[in-house]
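These numbers were taken from a predicted model, which means no experiment stands behind them.
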Amino acid sequence: MEKDRSARVIAIVALLVGVVGLSIGFAAFSSSLTISSSAEVSPDQSNFNVDFTSTSSGEISTSAIVPTKSPTTLTATSGAIDNSSDPTVTGLHATFTEPGQSVTYSFWAKNIGEYVAYLNSITIANAASSQTYKKCTAKGTTTQSLVDSACSGISMTVEVGTEAATSSSVATINNHSLAVNGYDPIVVTISYATGSAQADGDFDVAFGDITLSYSSVD
């Protein structure tokens, strides 16, 4: 009888030890540590900034952009830079007297922001009241039909690095990046091609505005 009771006690103790053992094992295998974290990036637009400059070193310079003229006796105005709001260059103007003449303006775009800037497009808008990027208008008694013929020989080309546009936007420009504090050389050339027709008097040539579109993504 005593032996049977001892056997039962041992069996109960063994069962309790087994339960405790299982409980410890279950707790060990089910234990977990959880760390939750998150972040949000909201770029500050004011830290993205590309401005015009008349020099390719040092601080931004808004000095006049002096044209290179061919021939040197040609009359041409200097360009003006204004970075006070949306950067602009104005005053690129030449007075041609005959075919074979040209004026070139060289300046730069500088990335003064905190992000790499990508050139996405170069756009030449339509000239005022025109369906093309240039409009030629006779002055005084000049014959408009002769002006129209001469107008075809007058062109404007804008180059940013190795990217160029002449009469329409370059819809897609890939892999053109401008590093922080980097410079993009810009060359605008206005020319009256050799061998072009001539008008019988003065006329004006208006070109559409040039827009360089930079963004923080390519």
Side-chain angles (χ1 to χ4, degrees), residues 35-68 76-94 102-135 154-191 193 205-218:
I35 300 174
S36 297
S37 61
S38 65
E40 180 178 349
V41 177
S42 183
D44 185 351
Q45 177 64 32
S46 65
N47 293 330
F48 181 84
N49 195 2
V50 179
D51 276 350
F52 288 125
T53 177
S54 57
T55 64
S56 59
S57 61
E59 299 297 322
I60 291 288
S61 172
T62 56
S63 299
I65 304 169
V66 179
T68 300
T77 60
S78 294
I81 295 173
D82 183 357
N83 292 321
S84 59
S85 54
D86 290 333
T88 60
V89 170
T90 58
L92 309 188
H93 179 82
S102 66
V103 173
T104 299
Y105 295 88
S106 298
F107 49 102
W108 290 264
K110 183 180 181 181
N111 184 357
I112 61 173
E114 298 179 6
Y115 302 95
V116 174
Y118 296 91
L119 179 64
N120 298 135
S121 67
I122 305 171
T123 304
I124 303 178
N126 287 343
S129 304
S130 174
Q131 298 303 309
T132 63
Y133 81 113
K134 64 180 176 180
K135 180 181 181 182
I154 299 176
S155 64
M156 177 179 65
T157 301
V158 54
E159 299 178 47
V160 181
T162 58
E163 313 293 346
T166 53
S167 61
S168 62
S169 65
V170 179
T172 303
I173 298 176
N174 295 315
N175 303 317
H176 185 113
S177 61
L178 180 58
V180 174
N181 291 320
Y183 295 84
D184 254 343
I186 302 170
V187 178
V188 176
T189 302
I190 305 172
S191 59
V205 182
F207 294 100
D209 292 338
I210 302 166
T211 301
L212 309 182
S213 177
Y214 285 93
S215 71
S216 59
V217 294
D218 194 8

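Each of Asn120, Asp184, Ile122 was scored for a side chain to side chain contact (heavy atoms under 4.5 Å, CB included) with His176, with one residue passing: Asp184. Residue Ile210 is tested with Val160, Ile186, Val158 for a side chain to side chain contact (heavy atoms under 4.5 Å, CB included); the sole match is Val158.
In terms of modelled atom types and a separation under 3.5 Å, the side chain of Asn49 and the main chain of Ile112 share no donor-acceptor contact. A donor-acceptor pair under 3.5 Å links the side-chain atoms of Lys110 to the main chain of Gly58, judged by distance alone. Remark: the backbone N or O of Val217 is paired with a side-chain donor or acceptor of Ser215 at under 3.5 angstrom. When atom types are taken as modelled, the side chain of Asn111 and the backbone of Leu178 share a donor-acceptor pair closer than 3.5 angstrom. Thr157 contributes no side-chain N or O that, together with a main-chain N or O of Thr166, makes up a donor-acceptor pair within less than 3.5 Å.
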Given the rule in the side-chain hydrogen bond (donor to acceptor under 3.5 Å, both in side chains) test, do Ser191 and Thr189 qualify, once you have shown the distances and angles that lead to the verdict? CA-CA 6 Å; Ser191 59; Thr189 302; over 6 Å; no
Could you go step by step and tell me if Ile81 and Ser54 meet the side-chain contact (heavy atoms from CB on, under 4.5 Å) rule? CA-CA 8 Å; Ile81 295 173; Ser54 57; 4.1 Å; yes
Test side-chain contact (heavy atoms from CB on, under 4.5 Å) on Thr77 and Tyr105 and set out the steps. CA-CA 10 Å; Thr77 60; Tyr105 295 88; 4.2 Å; yes
For Leu212 and Leu119, what are the C-alpha separation, side-chain angles and deciding distance, and is it a side-chain contact (heavy atoms from CB on, under 4.5 Å)? CA-CA 7 Å; Leu212 309 182; Leu119 179 64; 4.3 Å; yes
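A distance of 9.0 Å separates CH2 in Trp108 from CD1 in Ile65, rounded to the nearest 0.5 Å. Interatomic distance, CZ of Phe207 versus OG of Ser155, reported as 6.5 Å (0.5 Å rounding).
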Donor-acceptor pairs under 3.5 angstrom involving side-chain atoms of residues 85-94: please list them, not counting sequence neighbours.
none

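The aromatic rings of Phe52 and Phe107 sit perpendicular, their planes meeting at an angle over 60°, well past the 30° parallel limit.
Within 6.0 Å of the CG atom in Asp209, the count of heavy atoms belonging to other residues, nucleotides or ligands does not exceed 12.
A donor atom on one side chain and an acceptor atom on the other are found under 3.5 Å apart for Ser130 and Thr132.
Among all heavy-atom pairs drawn from Ala117 and Tyr214, the shortest one is CB-CD2, 4.0 Å. Here the shortest heavy-atom pairing between Glu59 and Thr53 reads O-OG1, 4.2 Å. Taking every heavy atom of both residues into account, Gly208 and Met156 meet most closely at O-CE, 4.0 Å. Ala109 and Val50 make their closest contact through CB-CG1, 3.9 Å (heavy atoms, listed as atom of the first residue, atom of the second, distance). The minimum heavy-atom distance between Ile173 and Ser121, with the atom names listed, is CD1-CA, 3.9 Å.
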